[in-house]
Amino acid sequence: MTGPSVTGAVAGDAQARVNALRALLERHAHAYYVLDSPTIPDADYDALFRELEALESAHPELITATSPTQRVGAPPLPAFTQVRHSVPMLSLANGFADEDIVAFDRRVRDGLSASDEVAYATELKFDGLAINLRYEAGVLVEAATRGDGATGENVTTNIRTIRAIPLRLQTAQPPAVIDIRGEVLMYKADFARLNARQRAAGLKEFANPRNAAAGSLRQLDSAITAQRSLRFFAYGVGLLEGAAMPPSHAALLDWYRQLGVPVCEHRKVVAGASGLLAFYREIGEKRSALPYEIDGVVYKVNDATLQQQLGFVARAPRYALAHKFPAEEASTVVQGIDVQVGRTGAITPVARLAPVSVGGVTVTNATLHNEDEVRRKDIRIGDSVIVRRAGDVIPEVVSFVPELRPLDAREFVMPTACPVCGSTILRLEEEAIARCSGGWLKCAAQRKGGLQHFVSRRAMDIEGLGEQLIDQLVDRKVINTPADLYRLGLVGLAELDRMADRSAQNVLAALEKSKATTLARFIYALGIRHVGEATAKALAAHFGGLDALLAASEEQLLEVDDVGPVVAGAIRTFLADPLNVELIAQLRAAGIHWTETTARVNAVLPQSGKTFVLTGTLPTLTREAAAALIEAAGGKVAGSVSRKTNYVVAGSDAGSKLAKAEELGVAILDEAALLQLLND
Ligand code: D41
């Protein structure tokens, strides 16, 4: 046997590294998309990916269709071709009320002549697009939309760009042919990012993640689809050759997961109608916290043999039912657009709507956020609109229906005077928000808003002082400021409408109790602009006591974690107003107290106040080690480069952060220079 030639050895090394990189990239993608537990930072993934790309471009003969680099790059299509599904993609029957579910379970038991409770596999009903993935010998060969169930469109090149979908099944013994069916969708966060990008580019925004997913999949140029972060979850099977059909739905999904295909994590096998309804309620509570949108849950008889026995009605299997949640969107008519005045004087346009039920609640008002939003969405009085109410979020107007715009639809005009106090409404040039210039002295709406904030649960937590009570107290001029609350007596309170003696006593007790608080709550309760709960906590921890905060200069405020010029400026503006200083004095005099701590004296370390950004791979230090050294010297490590960055520490393969640093003229260090700086 002759030894390998020199070039053969090099190619062999490249082949080994290419194999290793592909295996690594597939493993990390699997951990991310299937197991939902990322194993490495995105930047590290990208570095491995680039290494593979470089090797493949040096050795084009090593490129294979299933390499992770080969997801994008197919030339744009002239049009989608039709695909006939080998096994039709059926539809799902729907149920809404509990009775529909009880009736479904009864039909199933009658159909099976079952006297015992039936075992059902339950899962989420993803709000995306149904897709069929054809794998032959474990390799993805074709992907098609559901279409009418019999024929769909060939979207293979687009589907190949979706990293959640494996190009190869993870098994040494793949079935000869398998049709994996599931839903392509877009996560809510990716949808928000996409719309932000569309807006910045002056392009049309998508109404919801489902439309965004559909629009992304319908691109003839797959390079666009590749930028859209689509996801996939499998829930069904079509043709299967060369492997046994799993005995149950739960077993099918377990098998998919083993093959590296993402499946729904919220699934369980339950017994009978009561088990189905319990699952529905459980998911209903989790719904708004899920990273993607669902429009219900799906129930399937778990046992595959029983599924077969039940058969079909009108293209829908009798063994399955979608239990829909009340829609989060509904259409109605804008009868008017008013403005609301918030506690900081912010003027919010609010659409007055013909009452409509959204997600089970009657909605008559929906926010339009601000003037620019009204113009951008082009919402006019008289328009038919889509209203959305997701979870506990305030209902909002999503879009208008152009076909239904009446000829006399009127545009919104921002008033020039505050509807509550008549003061001028001002809109600063660089701000999106128009504000009432009255302040809380003149504007009752701002007084009410400020008081509501002051008593709220996360601020002073004064129970029993609801919105209506505060409205009455302000309208009758019983109180003006938060300090007045602590001067309230039983007589004054009991005179109010719908206020029994007993409730008045409860309010007084709650006021008394609220006097023992924390500095962070007190700072937050003051309602200083841009000072939310987290900032209030940071301020309290940093200064330890109120007097130190009151005396702090803008520079000293800037030393607090996460306090930038805007926040520091807002605090100084607030404290420069003698009325606010007086309010604080009165509140303390009323007996509000907290335990002060000693200020966190930042021993001045050599790099205190300096911000570092790490990018690329350093020759000897890991990222964590470099960060630890910087922090030990008092420095901070940030994720992105801005004008505030003092140093960018760049290693090999540094990308956009290095470019940004060069653009902004930020000092750039290599590892040696960093160590030198930290040692000085
Ligand atoms: O999450 C879904 N949207 C979903 C859709 C699901 N979890 N299961 C489904 N199961 C089926 C059967 C029972 C027919 C295999 C479905 C769909 N069908 C479906 N999606 C669109 C049409 C039908």
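- Within the 4.5 Å cutoff, the side chain of Leu621 has heavy atoms near those of the Leu629 side chain.
- Ring pair Tyr280/His323 is parallel by interplanar angle, where below 30° counts as parallel and above 60° as perpendicular.
- Between Tyr235 and Tyr256, a ring centre-to-centre spacing not shorter than 6.0 Å is recorded.
- No side-chain donor-acceptor contact under 3.5 Å links Gln258 and Thr171.
- Considering every non-hydrogen atom in both Ser91 and Pro317, the closest pair reads O-CD, 3.1 Å.
- Under a cut-off of 6.0 angstrom, the local environment of CD in Gln173 is sparse, with at most 12 non-hydrogen atoms contributed by other residues, nucleotides or ligands.
- At least one side-chain heavy atom of Leu25 sits under 4.5 Å from a side-chain heavy atom of Phe49.
- Residues Phe206 and Asn208 are not in side-chain contact: their nearest non-hydrogen atoms beyond the backbone lie 4.5 Å or more apart.
- Around CD of Gln308, the count of heavy atoms belonging to other residues, nucleotides or ligands within 6.0 Å does not exceed 12.
- In this structure, Arg231 is not positioned above the aromatic face of Tyr292 in the sense of NZ or CZ being under 6.0 Å from the six-membered ring centre and within 45° of the axis.
- With hydrogens and angles left out, the side-chain atoms of Glu671 and Thr620 include a donor and acceptor closer than 3.5 Å.
- Aromatic pair Phe126/Phe233: centroids less than 6.0 angstrom apart.
- For the residue pair Arg193/Ser229, the side-chain donor-acceptor check at 3.5 Å is not satisfied.
- Considering only heavy atoms from C-beta on, Tyr33 stays 4.5 Å or farther from Pro38 through its side chain.
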Open item on the list: Under the criterion ring pair (Phe, Tyr, Trp, His ring centres under 6.0 Å), I'd like the reasoning laid out for Tyr120 against Phe279: C-alpha separation, chi angles, the key distance, then a yes or no.
Closed with: CA-CA 11 Å; Tyr120 293 101; Phe279 182 74; over 10 Å; no
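- One finds the CG atom of Leu253 at 8.0 Å from the SG atom of Cys264 (value rounded to the nearest 0.5 Å).
- Judged purely by distance below 3.5 Å, without hydrogens or angles, the side chains of Ser67 and Arg22 pair a donor atom with an acceptor atom.
- Ion pair Arg134/Glu136 flagged as a salt bridge, since at least one NZ, NE, NH1 or NH2 atom sits closer than 4.0 Å to an Asp/Glu carboxylate oxygen.
- Salt bridge annotation for Arg315-Asp148: absent, with no cationic side-chain nitrogen under 4.0 angstrom from a carboxylate oxygen.
- In this structure, Glu293 pairs ionically with Arg388, as a charged nitrogen and a carboxylate oxygen lie closer than 4.0 Å.
- For the residue pair His266/Glu123, the side-chain donor-acceptor check at 3.5 Å is not satisfied.
- Distance check: Arg287 CZ to Leu124 CG gives 11.0 Å after rounding to the nearest 0.5 Å.
- For the pair Glu396 and Lys377, the minimum side-chain heavy-atom distance is below 4.5 Å.
- The backbone N or O of Gly639 lies less than 3.5 Å from a partner atom in the side chain of Lys657, making a donor-acceptor pair.
- Side-chain contact between Val263 and Leu252 is absent, with no heavy atoms from C-beta onward closer than 4.5 Å.
- Closest approach of Val613 and Thr645 over heavy atoms only: CG2-CG2, 3.7 Å.
- The main-chain N or O of Arg210 is never found under 3.5 Å from a side-chain atom of Asp127 such that the two would form a donor-acceptor pair.
- Here the closest heavy-atom approach between residue Leu240 and residue Pro246 is recorded as CD2-CD, 4.5 Å.
- Here the side chains of Arg228 and Leu194 are in contact, with some heavy-atom distance below 4.5 Å.
- With rounding to the nearest 0.5 angstrom, the CD atom of Gln219 is 4.0 Å from the CD1 atom of Ile224.
- Side chain of His59 to backbone of Ala14: no donor-acceptor contact under 3.5 angstrom is found.
- A salt bridge links Glu282 to Lys268: one of the charged nitrogens lies within less than 4.0 Å of a carboxylate oxygen.
- Taking CG from Leu290 and CD1 from Ile283, the interatomic distance works out to 7.0 Å, rounded to the nearest 0.5 Å.
- Applying the salt bridge (charged side-chain N to carboxylate O under 4.0 Å, His left out) rule to pairs touching residues 25-50 yields Glu26-Arg168, sequence neighbours excluded.
- Within a 6.0 Å radius of CZ in Arg218, other residues, nucleotides and ligands contribute 12 heavy atoms or fewer.
- Here the closest heavy-atom approach between residue Ala626 and residue Leu618 is recorded as CB-CD1, 3.9 Å.
- In this structure, Phe80 and Asn154 have side chains that are not in contact, with every pair of non-hydrogen atoms separated by 4.5 Å or more.
- Defined by atom type and a distance below 3.5 Å, a donor-acceptor pair is present between the side-chain atoms of Thr69 and Glu56.
- Shortest non-hydrogen contact noted between Leu677 and Gln607 is CG-NE2, 3.7 Å.
- Atom OG of Ser248 sits about 4.0 Å away from atom CG of Asn302, to the nearest 0.5 Å.
- One finds the OG1 atom of Thr66 at 10.0 Å from the CZ atom of Arg71 (value rounded to the nearest 0.5 Å).
- Residue Leu92 comes nearest to Ala320 through the heavy atom pair CD2-CB, 3.7 Å, listed as atom of the first residue, atom of the second, then distance.
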